[in-house]
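Written below as structure tokens is the structure these notes are about.
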Amino acid sequence: MTQTADQKSTITSTGATATSTAPSSLASAHGVTTIADTVVSKIAGLAAKDVSGVHALGGGAARAVGALRERIPGSRTNHSQGVSVEVGERQAAVDIELIAEYGVAIADLATAVRRNVINSVERMTGLEVTEVNLEVSDVHLPDEDDAEETPVRTTTTRVQ
């Protein structure tokens with residue numbers, strides 16, 4: 001069997017040889033496209049945040065640093081917070097740490113996050129996503145926002 005440089009053959013469970021074409025959009029006769037890790041991590045972070053039931057990305061320390069950074073005038077939101085990636089020539093692996101909303105089925109949430117991250121990264125970069133590992137580090141309770149948003153003010157009267 002003759003193969004081109006963009007094809008690889010595998011032997012299936014029945015013993016037959018199957019040929020698959022590898023993605024060639026990043027490497028062609030006209031040059032090579034390299035995608036930085038930060039690009040893939042931003043895409044994965046935005047895709048994960050788009051899933052209903054994801055409250056935030058990152059653990060407690062990362063979110064605290066991110067909250068401080070956002071208060072600095074002229075700073076930007078870190079869309080890759082809680083996301084780490086490994087990018088090769090044709091493949092990428094993604095690790096995401098997230099906080100789930102209370103009441104959401106975590107198994108269903110993990111499936112939805114994986115599907116959205118894989119679809120977004122593969123569509124936008126042309127890389128094959130080999131795995132998306134998720135770590136659910138906390139569950140966000142609805143009353144936690146209420147406590148943070150309404151500071152308690154104690155007013156004392158100095159005169160009567």
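The closest donor-acceptor contact from the side chain of Glu101 to the backbone of Val54 lies at 3.5 Å or more, if one exists at all.
Between the CZ atom in Arg90 and the OG1 atom in Thr130 there is a gap of 14.5 Å [rounded to 0.5 Å]. One distance of note links CD1 of Ile96 with OG of Ser41; it measures 10.0 Å at 0.5 Å rounding. To the nearest 0.5 Å, atoms CG (Asp108) and CD1 (Ile106) are separated by 10.5 Å.
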side-chain contact (heavy atoms from CB on, under 4.5 Å) evaluation trace for Val32 with Leu26: CA-CA 6 Å; Val32 177; Leu26 296 176; 6.0 Å; no
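Remark: Glu131 engages Asn133 in a side chain to side chain donor-acceptor pair (under 3.5 Å) (not counting sequence neighbours). When the side-chain contact (heavy atoms from CB on, under 4.5 Å) test is applied to Glu89, no partner is found at least two apart in sequence or on another chain. Remark: Ala29 engages no residue in a side-chain contact (heavy atoms from CB on, under 4.5 Å) (not counting sequence neighbours). Under the side-chain contact (heavy atoms from CB on, under 4.5 Å) criterion, Val139 pairs with Tyr102, not counting sequence neighbours.
Side-chain contact between Leu98 and Leu134 is present, with heavy atoms from C-beta onward closer than 4.5 Å.
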Less than 3.5 Å apart, which donor and acceptor atoms pair up between the side chains of residues 119-127 and the rest of the protein, not counting sequence neighbours?
{"residue": "Asn119", "atom": "ND2", "partner": "Arg115", "partner atom": "O", "Å": "3.2"}
{"residue": "Ser120", "atom": "OG", "partner": "Asn116", "partner atom": "O", "Å": "2.9"}
{"residue": "Glu122", "atom": "OE2", "partner": "Val129", "partner atom": "N", "Å": "3.0"}
{"residue": "Thr125", "atom": "OG1", "partner": "Val121", "partner atom": "O", "Å": "2.5"}
{"residue": "Thr125", "atom": "OG1", "partner": "Leu127", "partner atom": "N", "Å": "3.1"}

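Closest of all the heavy-atom pairs between Leu57 and Ala48 is CD2-CB, 4.1 Å. Minimum heavy-atom separation, Ala44 to Val83: CB-CG1, 4.0 Å. In terms of heavy atoms, Ile99 sits closest to Ser137 at CG1-OG, 4.0 Å.
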